2 protein chains.
Amino acid sequence: MCITGQDVKGQFLELTANSSQRLRRTNMEAILAVMRRSDAVTGTDLIEATGLARATVIAVCDDLIQAGWVRELAPQKVTVQKGRPARVFEFDARAGVVVGLDFGSEKTTALVADLRGNILGKATESLGGFTAPDAQRLATIEKALGKALADADARHADVLVAGVGIAAPVDRSGNISHSQLFWESFDIGIQENLRDRFGWPVLLANDANLAAMAEHWMGVGRGVNDLAVMLAGERIGFGLMDSGQLLHGASGRSGEVGLLDLVDGVGTPEGIAALARDMAAAACKKGSPATVLATLADISGVGITAEAVFAAAAQGDLVSAQILDAIGRRMARVVAIMATFMDPELVVIGGAVAASSSILLTPLRTELARYMPNPPRVEVSTLGDAIVTLGAVRLALDYVEKHALNLDLGD
Amino acid sequence: MCITGQDVKGQFLELTANSSQRLRRTNMEAILAVMRRSDAVTGTDLIEATGLARATVIAVCDDLIQAGWVRELAPQKVTVQKGRPARVFEFDARAGVVVGLDFGSEKTTALVADLRGNILGKATESLGGFTAPDAQRLATIEKALGKALADADARHADVLVAGVGIAAPVDRSGNISHSQLFWESFDIGIQENLRDRFGWPVLLANDANLAAMAEHWMGVGRGVNDLAVMLAGERIGFGLMDSGQLLHGASGRSGEVGLLDLVDGVGTPEGIAALARDMAAAACKKGSPATVLATLADISGVGITAEAVFAAAAQGDLVSAQILDAIGRRMARVVAIMATFMDPELVVIGGAVAASSSILLTPLRTELARYMPNPPRVEVSTLGDAIVTLGAVRLALDYVEKHALNLDLGD
DNA sequence: GACATATATTTAGATTCTAAATTTATGCCC
DNA sequence: GGGCATAAATTTAGAATCTAAATATATGTC
């Protein structure tokens, strides 16, 4: 009974560190965190890192070994050794594995990583386009996962969590936004399927957001906590980070630029891909010299895609280079607008355009400096086409690190 | 000595909850948090809210009373009382006070609030413009603070923290960005002055960011965690929140829109104020009927300000109403661009324009719906000209809540 | 005045921590 | 090989804190 009306029952349970057991748990988490960030450590290292007493540190380490998170190594030979040899502990990066999956429109890529993020296996499968039935696409995904696991010499049961990236907005609770019909084609029930088939927790996220996580983790954005990553291929999307926190927005659509037509000289929402196609088509029609671009278009037979233009430019095609120059100028406008709201320290360009960075960067940086007195740094991603998949791995790893002591490591 | 090279000494000390004392501290914080969010509570209430045992709860309450954060009330008479009367505890909202200060260009406003955020005192002083010397402006600030404290019947020594809002970017460590010369005029050493004079910790923040905090706390944005607040008067600035977290950007400039000239039909960075002035001047020159607007301009004698236009519109001036309609349309474009990057659930319009909301909202909402398939809600602030000062109070309260058990309550 | 009831307080036992004393394993020196 | 120095592990004793159960206390009811 609460005298004044409001019922607070159980409302703050999660805040409470009640029992002594919770204290031990906190110390386990702290020591595990230290171990994840260092290589093999001794008890003395942990005493210095955490401030805990020796007896406590050793007891916690024994608990962690018991739980399966930590291995004890044979005592190391050190150059100058005096005194009793120290016990040596190490975070067991193979206590399990995580998988990262990029579910694109044309293909799907799976990565398997250990708990330190070392990539152990990889596989890519073609999805057969949007028109393929859901069941077939789910089977393809399973196939890619199976191959990647085999490549990593791991079993399905070793997987602790799976991270999945898709080219649609995903809100904080992992639901795909259906505010545009187009995005429905990505909602084929991957989450339920993988949970039912293998018992994995599955985390869904937007591809541009995962790209930002990947850059922040191991790309040019390492150590940069206010970061924007532009994923540009057929479409453009931003992954935005402030203070190291990814932005989601009310329905997962933050960074999903759908309104570029309001920006002078950018045009339609799909501005950049459209520009590439239009300029390429015009150049071909005008009878420009037989370019690599035209050759590519001929070969593919399906018309010119933005990716084809980027690829041709990378191979030295002149028309494509001109197109990329124009694209760089347009991108500068989009980046400028984004940067005026977000104030990032660094903007990373990723996705298919990244391959043509040498041509793209100069106009982009020059124009950006014209628009802004203090423009952010602009760099090109070096993660290639693994950018989203690596982000999916990072998403899964974050989950493991956060919930480690709740997870069951099985055998 | 770490076997593998990296030195982790002390690196994770803050993570560790080592001793039993830390456990008690965590429980004190949890119980204090419950008390802050409810009125008077009994031990039984706290048991239900936290899951702790009765003996623990009572012991913690006694500790909190000892520390000065909690008061014990006389046992309450309840309609149906059976058994031994419960001891009644209450968070002592007068364990101290906080002050919030809005340091504007023309005037400064100070609020004094208790620890539940109830406003106890208020004072406003004119600053005498930008040209006044720093020392004089500091004296004016002290005067306003003194008056507000007297109004609240509080002493300088009762103040636990001061929050200060200024119309310049402030980075995470509280430094004013000097990327534009203009902003230097706000850097008059308030922080150092108040610390040295009264020993208060002083927290500096950008005014638009504080407006967002205020709306999230007690405005139309209550309960909305993905929120944008547009503070529009002479200048425009956004305070942006994602997942309840305020965005700062790399140098505190997030939401400081300085690039509206790239947006079709918005024009210069100071677009909106300039538009108001230009249209008003044109109307006056053309010899429009003697409007309230013109009268206001005559009275002020300093030319027409954006604020004057908003005020005139609120009083029924027709020309000003037309101007506001145009402004609403322009704002729609700015909001649309912001929303496509941020995906807020709600956009709140605050600042001087808010007074003219009845005229402004319709064109703003209509145009916004034209630009976006799923536009955010748009509402007008009801906090009036206290919006920034209330945010400064909230900033100070957040600090008190976070550091409560580290603060010395003095006597 | 006995009884029911809800709460406070006390007591006993468990867990976990720290700090100090003790033991153990290693290298070095004679 | 035996003693010594050293660094670490382990054991021990003591303190803080928690829980759960037993006991005491204050109130209303019959």
Side-chain angles (χ1 to χ4, degrees), chain A residues 1-3 9 13 15-31 40-67 70 72-89 405, chain B residues 1-3 9 13 15-31 40-67 70 72-89 405:
Chain A
M1 167 237 26
C2 184
I3 285 181
K9 185 167 183 172
L13 270 176
L15 292 180
T16 315
N18 36 2
S19 58
S20 321
Q21 284 90 328
R22 186 89 44 118
L23 184 58
R24 165 56 63 98
R25 200 196 150 90
T26 312
N27 283 336
M28 284 174 83
E29 278 167 0
I31 285 187
V41 289
T42 66
T44 306
D45 295 331
L46 294 170
I47 290 166
E48 288 178 348
T50 63
L52 295 167
R54 169 156 253 120
T56 309
V57 161
I58 298 291
V60 167
C61 285
D62 284 336
D63 276 8
L64 285 170
I65 290 171
Q66 190 62 35
V70 168
E72 182 164 2
L73 306 181
Q76 313 278 309
K77 293 289 167 193
V78 189
T79 40
V80 265
Q81 172 151 24
K82 283 180 177 176
R84 178 175 177 168
R87 290 174 69 184
V88 180
F89 306 99
L405 300 185
Chain B
M1 165 237 28
C2 184
I3 284 179
K9 185 166 184 172
L13 271 177
L15 293 179
T16 315
N18 37 2
S19 60
S20 323
Q21 283 90 326
R22 187 88 45 119
L23 184 57
R24 166 56 64 97
R25 199 197 152 89
T26 312
N27 282 336
M28 284 174 83
E29 279 168 359
I31 285 187
V41 289
T42 66
T44 307
D45 294 332
L46 293 170
I47 291 166
E48 289 177 348
T50 63
L52 295 167
R54 170 157 249 122
T56 309
V57 162
I58 298 292
V60 167
C61 285
D62 285 335
D63 277 7
L64 286 170
I65 290 170
Q66 189 62 34
V70 168
E72 182 164 2
L73 306 180
Q76 313 279 310
K77 293 288 167 194
V78 188
T79 40
V80 266
Q81 172 150 27
K82 282 181 176 174
R84 177 174 179 169
R87 292 175 69 184
V88 181
F89 306 99
L405 300 185

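Only a predicted model underlies this, so the values are computations on that prediction, with no experimental measurement involved. Below, read A as the first sequence line, B as the second, and so on, with proteins coming before strands; counting in each chain starts at 1.
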Are any protein N/O atoms closer than 3.5 Å to N/O atoms in nucleotides 23-26 of chain D? If there are, list each pair with its distance.
from   : atom 1 : to    : atom 2 : distance (Å)
D/dT25 : O4'    : B/R84 : NH1    : 3.3
D/dA26 : N3     : B/R84 : N      : 3.1

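- Computed from coordinates, the B/R25 CZ to C/dC17 P distance equals 18 Å when rounded to whole Å.
- As rounded to whole Å, 15 Å separates atom C1' of D/dT19 from atom CD1 of B/I58.
- A pairwise comparison of heavy atoms in B/L73 and B/A40 identifies CD1-CB, 3.9 Å as the closest pair.
- Of all nucleotides listed (D/dT17, D/dT19, D/dA8), D/dT17 comes nearest to the side chain of B/S20.
- The shortest side-chain heavy-atom distance between B/V88 and B/D45 does not fall under the 4.5 Å cut-off.
- The terminal axes of the helix from C/dG1-D/dC30 to C/dC30-D/dG1, fitted over 5 pairs per end, subtend an angle of 20° to the nearest 10°.
- Distance from the side chain of A/A86 is smallest for D/dA8 among the nucleotides C/dT7, D/dA8, D/dA16.
- Rounded to a whole Å, the CD1 atom of A/I47 is 11 Å from the C1' atom of D/dA7.
- Within 4.0 Å (heavy atoms only), A/R87 reaches sugar-phosphate atoms of the nucleic acid but no base atom.
- If you take CG of B/L52 and P of D/dA16, they are 20 Å apart, rounded to a whole angstrom.
- Nearest heavy-atom pair across B/M28 and B/D63 is CE-CB, 3.9 Å.
- A close approach under 4.0 Å does occur between a side-chain nitrogen or oxygen of A/N27 and OP1 or OP2 of C/dC17.
- Scored by the salt bridge (Lys or Arg N to Asp or Glu O under 4.0 Å) test, A/R87 finds A/D62, A/E72 as partners (sequence neighbours excluded).
- Distances shown here put a side-chain N or O of B/R54 below 4.0 Å from the OP1 or OP2 atom of C/dA8.
- Under the 4.5 Å side-chain criterion, counting only non-hydrogen atoms from C-beta, B/T44 is in contact with B/R54.
- The nearest whole Å value for the distance from the CG atom in B/L46 to the P atom in D/dT19 is 13 Å.
- Contact annotation: B/T44 does not reach the phosphate of C/dA6 (side-chain N/O to OP1 or OP2, under 4.0 Å).
- Here the closest non-hydrogen pair linking B/I47 and B/A53 is CG1-C, 4.4 Å.
- Distances from the side chain of A/L23 to the nucleotides D/dA9, C/dT16, D/dC18 place C/dT16 closest.
- Side chains of A/T50 and A/T56 form no contact here, defined as non-hydrogen atoms less than 4.5 Å apart.
- If you check C/dT18, C/dT15, C/dC17 against the side chain of A/R24, the one that comes closest is C/dC17.
- The distance from atom CZ of B/R22 to atom P of D/dA15 is 21 Å, rounded to the nearest whole Å.
- Residues passing the side-chain contact (heavy atoms from CB on, under 4.5 Å) test with B/R84, sequence neighbours excluded: none.
- Straight-line distance from the CG atom of B/D63 to the P atom of D/dA16: 12 Å, rounded to whole Å.
- Using a 4.5 Å cut-off on side-chain heavy atoms (C-beta onward), A/L52 and A/I31 make contact.
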